[in-house]
Amino acid sequence: MNARREDPHHAGGSDVGRIRSGNEDAYLISPPLYAVADGLGGHSAGEVASRIAVETLQNAAPRHADAKALGRAVRQANTAVITAAENGRGRAGMGTTMTAAVVEGTRIVIAHVGDSRAYLLHLGELQQITDDHSMVADMVRRGTLSLEESRHHPNRSVITRALGSDPNLVVDTFEVDAAPGDRLLLCTDGLTGMVDDPLISRVLAGSHTPRLAVESLVGYANDAGGQDNITVVVVDIERGPGDPGLPAAAADARSAERGAARRWIARILWVLLAAALIGGAAWAAYSYARGQAYLIEESGVIVVYEGVPGDFAGIELHWRSEATTVTTDALDPITAARLKAGVRTDSLQDAQALLQQYRARAEESFAATPTPTPSTP
Ligand code: MG
């Protein structure tokens, strides 16, 4: 499934690294669809999980930049991994991360679960566009761990969301506007655990073709120790038929022009544009936040918020909607850990539906406890 056909606009590669005996990662290049998956489960089960996930994604994914449809395809892949384990393929408890993208011109939609990542080299600047679903990333978001500490933390590979366990898996989905000449990178933690962002940025900006970028990134990860399987997909973003902006000739000459001078001009233009856009962006962020919701643990119980966690340029974009009596103690540890960081949904209605599921689970576990004792501090 890993296409052998060489196209100068995209490339992928997967390497076992220097420590592991097998490669449990998988990747998919099936334009406009791209994905990486990092299997877990040991005894080759991770390999089964990542392969099933990628195969299901290929059959189920939309051929257009439709974020919700891509999210549904990832949920289908989740169901396929769960069903496979139930039917004796692989092992019970196997799972996989998945970071998938559909690229249509300069529109990129992403669906993401786990600690594999998507990055965009946008106008010469590297942006990580996915949030890791991992214990250390949660701690960094809460401010209890620095980014640097998280790179060496003993639990850095503990993930809080994966395909293969929760039938109600929440998939992050979103759309990103790129520019012609940008580069999209999808990768597993075998790259990001070994190579820091500044070096990733330099390699992406300085490699003449995606193929050279892939080989170079895998090489750097192995040079740094290759402690895990390394999987990398690089896609050059081209001008789409509906995109405004650069004339076709400029887009065609993109790789030749990819030089320091062009990046500086882009950077200056970007600063000028940014000033004009901040007003619009603040309104867009507010409108976006109004459509979102999330559940989060506060003092041991689940609280429902409208909006998004954190802040935008110092402005908080969330509004407390409802404090519940559902205690996170009564939930499984993975769900409880996710709730500490906040579980985002696409609407208040979805948040209410998810809350009902958690409430039912909490009540079940309460009923299953033979001598229920109230939780006391
Ligand atoms: Mg890995």
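Note: Glu363 CD to Tyr358 OH = 15.5 Å, rounded to the nearest 0.5 Å. Note that the CG atom of Leu185 and the CD atom of Gln128 stand 10.0 Å from one another [nearest 0.5 Å]. Taken from CD1 in Ile52 to OG1 in Thr56, the straight-line distance is 7.0 Å, to the nearest 0.5 Å. Atom CG of Leu184 sits about 5.5 Å away from atom CD1 of Ile110, to the nearest 0.5 Å. Note that CD of Glu238 is 8.5 Å distant from NE2 of His10, once rounded to the nearest 0.5 Å. To the nearest 0.5 Å, the span separating CZ on Arg20 from CG on Asp15 amounts to 13.0 Å.
Taking the side chain as every heavy atom from C-beta outward, Val303 and Leu295 never approach each other to under 4.5 Å. Using a 4.5 Å heavy-atom cutoff, the side chains of Arg156 and Ser134 are not in contact. When side chains are defined from C-beta on, Gln292 does not count as touching Ser347, because their heavy atoms never get closer than 4.5 Å. At a threshold of 4.5 Å between non-hydrogen side-chain atoms, the residues Leu317 and Val308 count as touching. Using a 4.5 Å heavy-atom cutoff, the side chains of Gln227 and Arg18 are not in contact. Using a 4.5 Å heavy-atom threshold, the side chains of Asp189 and Asp228 count as touching. Within the 4.5 Å cutoff, the side chain of Val170 has heavy atoms near those of the Leu354 side chain. Put simply, the side chain of Asp38 does not reach to within 4.5 Å of the side chain of Thr231, judged on heavy atoms.
Under the 4.5 Å side-chain contact rule for hydrophobic residues, Val113 and Ile159 do not share a cluster. Placement of Val234 and Leu126 within a single hydrophobic cluster is found when ILVMFWY residues are connected by side-chain heavy-atom separations under 4.5 Å, directly or transitively. Both Val109 and Val171 belong to a single network of hydrophobic side chains, linked directly or stepwise wherever heavy atoms of I, L, V, M, F, W or Y lie under 4.5 Å apart. Residues Val232 and Val195 share a hydrophobic cluster, clusters being chains of Ile/Leu/Val/Met/Phe/Trp/Tyr side chains in contact below 4.5 Å. In the hydrophobic cluster analysis, where Ile, Leu, Val, Met, Phe, Trp and Tyr join through side-chain heavy atoms closer than 4.5 angstrom, Leu199 is grouped together with Val218.
With sequence neighbours left out, Asn168 forms a side-chain contact (heavy atoms from CB on, under 4.5 Å) with Asp166, Gln357, Arg361. Every residue meeting the ring pair (Phe, Tyr, Trp, His ring centres under 6.0 Å) condition with Tyr305, not counting sequence neighbours, appears here in chain and number order: Tyr294, His318. In this view, Asp132 and Arg117 satisfy the salt bridge (Lys or Arg N to Asp or Glu O under 4.0 Å) rule, not counting sequence neighbours.
Side-chain contact annotation: Asp25 with Ser14, donor-acceptor N/O pair under 3.5 Å absent.
Taking 4.0 Å as the cut-off between side-chain N and carboxylate O, Glu364 and Arg359 do not count as a salt-bridged pair.
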(request) Assess whether side chain to side chain contact (heavy atoms under 4.5 Å, CB included) is satisfied between Arg141 and Asp131, documenting all intermediate values. (result) CA-CA 10 Å; Arg141 281 191 283 269; Asp131 289 329; 3.6 Å; yes
(message) I'd like to know whether Arg183 forms a side chain to side chain contact (heavy atoms under 4.5 Å, CB included) with His122, so could you lay out the CA-CA distance, the side-chain angles of the two residues, the decisive distance to 0.1 Å, and finally the verdict.
(response) CA-CA 7 Å; Arg183 267 187 176 159; His122 179 58; over 6 Å; no
(request) Begin with the C-alpha distance, continue with both residues' side-chain angles, and end with the deciding distance and a verdict on side chain to side chain contact (heavy atoms under 4.5 Å, CB included) for Arg107 and Val176. (result) CA-CA 6 Å; Arg107 287 179 66 202; Val176 177; over 6 Å; no
(message) Go through it in stages, so that I can follow the logic: the residues are Ile108 and Glu175, the test is side chain to side chain contact (heavy atoms under 4.5 Å, CB included), and I'd like the CA-CA distance, side-chain angles, deciding distance and then a yes or no.
(response) CA-CA 6 Å; Ile108 303 172; Glu175 178 167 344; over 6 Å; no
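Between Ile200 and Leu217, the shortest heavy-atom contact is CA-CD2, 4.1 Å. Asn229 and Gly22 get closest at one heavy-atom pair: ND2-O, 3.0 Å. Annotation for Ser50 and Gly39: closest pair CB-N, 3.8 Å, computed over non-hydrogen atoms. Closest approach of Ala337 to Asp138, counting heavy atoms only: O-OD2, 3.7 Å. For Val48 against Arg89, the heavy-atom pair with the smallest separation is CG1-C, 4.4 Å. Residues Asn155 and His153 come closest through the heavy atom pair N-ND1, 3.0 Å.
Using a distance-only test at 3.5 Å, with no hydrogens or angles considered, a donor-acceptor pair links the side chain of Asp182 to the main chain of Ala179. Side-chain atoms of Ser216 never come within 3.5 Å of backbone atoms of Ala213 as a donor-acceptor pair (strictly under, hydrogens ignored). Proximity of a side-chain donor or acceptor of Glu297 to a complementary backbone N or O of Leu339 within less than 3.5 Å is not detected. Looking only at distances, no side-chain donor or acceptor of Ser207 sits under 3.5 Å from a matching main-chain atom of Thr209. A donor-acceptor pair under 3.5 Å is absent between the side-chain atoms of Thr144 and the main chain of Val140, judged by distance alone.
Applying the 6.0 Å contact sphere to OH of Tyr220 captures no more than 12 heavy atoms from other residues, nucleotides or ligands.
With Ile302 as the partner, the side chain to side chain contact (heavy atoms under 4.5 Å, CB included) test is satisfied by one option alone out of Val343, Ile296, Leu331, Thr327: Leu331. With respect to Ser116, the side-chain hydrogen bond (donor to acceptor under 3.5 Å, both in side chains) criterion is satisfied by exactly one of Thr97, Thr188, Thr192, Thr99: Thr97. Shown are Asp115, Asp172, Thr160; of these, the side-chain hydrogen bond (donor to acceptor under 3.5 Å, both in side chains) with His133 is made only by Asp172.
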